[in-house]
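The shown structure was predicted, so the numbers you read here are calculated from the model rather than taken from an experiment. Just so it is clear, the values below take in all heavy atoms, side chains as well, and ignore hydrogens, waters and symmetry mates.
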Amino acid sequence: RQMCIRDSSTITATMRPYQVEGLNWLVKLHDNGINGILADEMGLGKTLQSISMLGYLHEFKRINGPHLVLVPKTTLSNWMNEFRKWTPGISALLYHGSKQHRADLRKTCMRKTQQNDDDFPVIVTSYEICILDRAALSHFKFKYLVIDEGQRVKNRDCRLVRELKKLDTENRLLLSGTPIQNTLEELWSLLNFVNPQIFDDLAVFQSWFGFRNIGQETQVDDIVDDESKDRIVSKLHEILRPFLLRRVKADVLKGVLPPKKEIVVYAPMTPLQK
């Protein structure tokens, strides 16, 4: 696979080897029709690897979209900056703002009759706007859906999950630094969202671990008390391995990062605070 993210004429930046491995993993999932969870530790470039995947689809597969990227509201500007930095040859549209502004965007930049055009932009928006405009977004057949902070879909009954499942998407990618939650039900919810054809029954998923009638409040610690910890962990790893990729800084950046420093600054209260 290519080591560089490019536009049509100029190499703009080089990815680290582990990021290229992440891109290859995403490509392999896509080629096999499987969705996954990219769970690298914070700071390892999950945003870059996701954007590079969209760049790969655009440049090598000629899959121009439409694509949808859902992110927390506070990170919208960062995602837009990363698109401009890493894939200047791909247009990214910030779908946000007032109700009238969003309606104008749909009439100008997001006409559904042009969704298969080569220059149709990647739509970047927040969870809240996706919920509000789900009916309008349902007119599109999205080739790739990226969800930042993927743990937001751990509750299978929340409104965000219900609205997202109504969207027409071919491929889904969750980004999360901490994908394994405290309950088997939350873990199943993540796996069900990315691969509903495989993980379609919670009761069956729970039965794989030899338990029946596990409730929402059942914690992993409770399960470990009753069964062998090694067996539970090994089963979790076997289930997650094809769908989840996680690396930590201590492994992939060993010898690259300088020693960690901690500086504590003490600041007194202001007179107004007092």
Please name the pair of heavy atoms, one in Pro242 and one in Leu29, separated by the smallest distance, quoted to 0.1 Å.
-> O-CD2, 3.5 Å
Does a salt bridge link Lys61 with Asp31, judged by any charged N lying under 4.0 Å from a carboxylate O?
-> yes
Considering only heavy atoms from C-beta outward, does the side chain of His30 approach that of Val27 to under 4.5 Å?
-> no
Full working for side-chain contact (heavy atoms from CB on, under 4.5 Å) between Ile34 and Lys28 | CA-CA 9 Å; Ile34 301 175; Lys28 187 178 296 184; over 6 Å; no
For Glu149 and Tyr127, the nearest pair of non-hydrogen atoms, with its separation, is CB-OH, 3.2 Å
Taking C-beta and beyond as the side chain, do Lys141 and Pro66 meet within less than 4.5 Å on heavy atoms?
-> no
Do we see a donor-acceptor contact under 3.5 Å between the side chains of Gln19 and Arg16?
-> no
With sequence neighbours left out, write down each residue that passes side chain to side chain donor-acceptor pair (under 3.5 Å) with His96, or none if nothing qualifies.
-> Ser126
Could you walk me through whether Val146 and His67 pass the side-chain contact (heavy atoms from CB on, under 4.5 Å) check?
-> CA-CA 8 Å; Val146 179; His67 306 305; over 6 Å; no
Go through the steps to decide whether Leu137 and Lys166 satisfy the test side-chain contact (heavy atoms from CB on, under 4.5 Å), and finish with yes or no.
-> CA-CA 10 Å; Leu137 294 174; Lys166 294 176 183 177; over 6 Å; no
SB check Lys46 Asp40 (cutoff 4.0 Å) = no
Quick one: are Tyr144 and Leu57 in side-chain contact, heavy atoms under 4.5 Å?
-> yes
Sorted by chain and residue number, the ring pair (Phe, Tyr, Trp, His ring centres under 6.0 Å) partners of Phe243 (sequence neighbours excluded) come out as Phe199
Look at the side-chain heavy atoms of Ile, Leu, Val, Met, Phe, Trp and Tyr, link any pair under 4.5 Å apart, and say whether Leu244 and Val248 land in one connected group.
-> no
Gap separating the CG atom of Leu38 from the OG atom of Ser176, nearest 0.5 angstrom = 9.5 Å
Hey, is CE on Met42 packed in by over 12 heavy atoms from elsewhere, all under 6.0 Å?
-> no
Audit row: Leu105, His101, side-chain contact (heavy atoms from CB on, under 4.5 Å) steps and yes/no = CA-CA 6 Å; Leu105 289 176; His101 177 65; 3.7 Å; yes
Calculate, to the nearest 0.5 Å, the distance between atoms CG and OG belonging to Leu94 and Ser77 respectively.
-> 8.5 Å
Is a salt bridge present between Lys143 and Glu170, judged by a nitrogen-to-oxygen distance below 4.0 Å?
-> yes
Which pairs count as salt bridge (Lys or Arg N to Asp or Glu O under 4.0 Å) when at least one residue sits in residues 89-110, sequence neighbours excluded?
-> Arg102-Asp133, Arg106-Asp133
With a 4.5 Å heavy-atom cut-off, do Pro72 and Trp79 have their side chains touching?
-> no
